[in-house]
Amino acid sequence: MVKAIKKMFGGINLTWPKLIVSAVAAGVFTAVMAIIPVFQDTSFITITATFEVWILFGIIIIMNSKSNMDSALKCFVFFLISQPLVYLIQVPFSWQGWNLFGYYKYWFVWTVLCFPMGYIGYWMKKNKWWGYLILLPMIVMTAGSYSTYFADFLFSMPRYILISLFCACAMIIYPAAIFSNKKIKTVGAVISVVAVVAITVISLINPPVYSTEIMGNGEEHQFDDSYTVYLEDSKYGDVEIRYDEGAEDYLLHADFKRAGDTTLTLVSPTGEKEEYDLHIERTKYTVTRRYTEEDTK
């Protein structure tokens, strides 16, 4: 394992053909993750939205380059090939068609920035303290992803466990694998461990909550503050009826704490119950009323 990591961060003969093939493979893989529905809301879809895996690719390229300019050019070309390919493959499968390339503007800016970042990043190979300062922004960005995805994991267990572990391990491995100076390796790894522990503890103390309005009083759902509402399993969160001054009506508010399926029950002052199937995700939900035989008559 240690030998494999060492080879990854400096032991690869990264020729231009290998770089181009890797760029195509990365683009194809990312597009497939975006296209296939089963990968939605899992660790595998994160490569389409955030930087942590692409940071790893960039560091591998830098550490296996032969000069500052070689590093800059290879980083730039890798992302210049992989990023537009991600969108090109998705075009036939997306309802947006060619408009999907509108999202590429954001990634193109980062592609251009890869040239100076690759050039500067090569100095990490000098094994100096200021090399760690060059690496630090990449660790900070990975830490941001860890904070996001660990919270998603807590909400949607066991989803996002793989990307959470990847981010935590990457933060620790980068300084240990990139630098040969024992002090830099040790201090860098310790800082990352402290950051991982801190993010983990903060997330556990303040678990994620998805707050939203499920429904409003109206023709389809009739209720006011004389009604009561509850979830079949309280582990999924809390629900209550509130009067909203802006809407000038009653709304059913929810603070969801976990993804999954449960039953929402609305009880009238006279004891009549309306039940709804409730499916909860990290940032969305679906609620469907259960109709009885009397409702269909």
Side-chain angles (χ1 to χ4, degrees), residues 1-2 5-6 8-10 26 30 33 41-63 71 75 78-79 83 106-107 109-111 113-114 116-118 120-125 127-210 282-283:
M1 183 67 173
V2 174
I5 293 175
K6 286 184 177 180
M8 184 185 300
F9 293 95
T30 304
M33 294 302 102
D41 300 313
T42 70
S43 295
F44 297 99
I45 197 65
T46 59
I47 193 174
T48 67
T50 46
F51 291 123
E52 60 287 333
V53 176
W54 297 103
I55 287 173
L56 172 62
F57 293 157
I59 291 176
I60 291 173
I61 293 170
I62 290 169
M63 296 306 297
S71 174
C75 284
F78 178 86
F79 286 92
Q83 295 307 308
Y106 173 76
W107 289 96
V109 172
W110 281 102
T111 298
L113 291 174
C114 281
M117 288 191 294
I120 296 171
Y122 184 80
W123 279 318
M124 291 190 296
K125 298 181 71 173
N127 201 36
K128 301 294 183 180
W129 275 104
W130 40 263
Y132 177 72
L133 297 180
I134 294 173
L135 174 65
L136 193 56
M138 290 177 270
I139 293 178
V140 170
M141 292 176 73
T142 304
S145 292
Y146 176 62
S147 178
T148 297
Y149 292 127
F150 185 67
D152 289 344
F153 162 69
L154 292 177
F155 192 92
S156 310
M157 292 183 191
R159 295 180 180 181
Y160 299 104
I161 182 61
L162 294 179
I163 193 63
S164 297
L165 289 173
F166 170 85
C167 291
C169 291
M171 290 169 63
I172 299 168
I173 289 173
Y174 288 158
I178 290 173
F179 303 103
S180 58
N181 183 296
K182 289 185 178 180
K183 288 184 179 180
I184 302 175
K185 290 165 68 79
T186 303
V187 173
V190 168
I191 291 173
S192 291
V193 168
V194 171
V196 169
V197 172
I199 293 170
T200 303
V201 171
I202 291 171
S203 298
L204 291 172
I205 294 175
N206 300 289
V209 176
Y210 170 32
R282 181 67 179 93
T283 58

Phe44, CZ atom: more than 12 neighbouring heavy atoms under 6.0 Å: no
Met124 side, atom CE; Leu135 side, atom CG - distance, nearest 0.5 Å: 5.5 Å
Straight-line distance of Trp110 CH2 to Gln83 CD, nearest 0.5 Å: 12.0 Å
Taking every non-hydrogen atom, the tightest pair across Phe79 and Cys114: CD1-SG, 3.5 Å
Minimum heavy-atom distance Ser145-Thr50, with the two atoms named: OG-CB, 4.2 Å
Reported NZ-to-CD1 distance for the pair Lys125 and Ile62, which is rounded to 0.5 angstrom: 10.0 Å
Atom of Ser192, atom of Met171 and distance for their closest heavy-atom approach: OG-O, 2.6 Å
Separation of Cys75 SG from Ile120 CD1 (nearest 0.5 Å): 11.5 Å
Short side-chain to backbone donor-acceptor contact, Ser71 and Gly118, under 3.5 Å: yes
Side chain Asn181, main chain Asn127, donor-acceptor under 3.5 Å: no
Minimum-distance pair of heavy atoms, taken over all atoms of Ile59 and Met138: CG1-SD, 3.8 Å
Side chain proximity check, Asp41 to Ser156, heavy atoms < 4.5 angstrom: no
Ring geometry between Trp129 and Tyr132 (parallel below 30°, tilted from 30 to 60°, perpendicular above 60°): perpendicular
Centroid-centroid under 6.0 Å between Phe51 and Trp54 rings: no
Nearest-0.5 Å distance, CZ of residue Phe9 to CD1 of residue Ile173: 7.0 Å
Side-chain donor or acceptor of Thr46 paired with backbone N/O of Ser43 under 3.5 Å: yes
Value rounded to 0.5 Å, distance of OG1 in Thr30 from CD1 in Ile45: 9.5 Å
Closest non-hydrogen atom pair, Tyr160 against Thr42: CE2-O, 3.6 Å
Over all atoms of both residues, closest heavy-atom pair of Pro208 and Ala151: CG-O, 3.1 Å
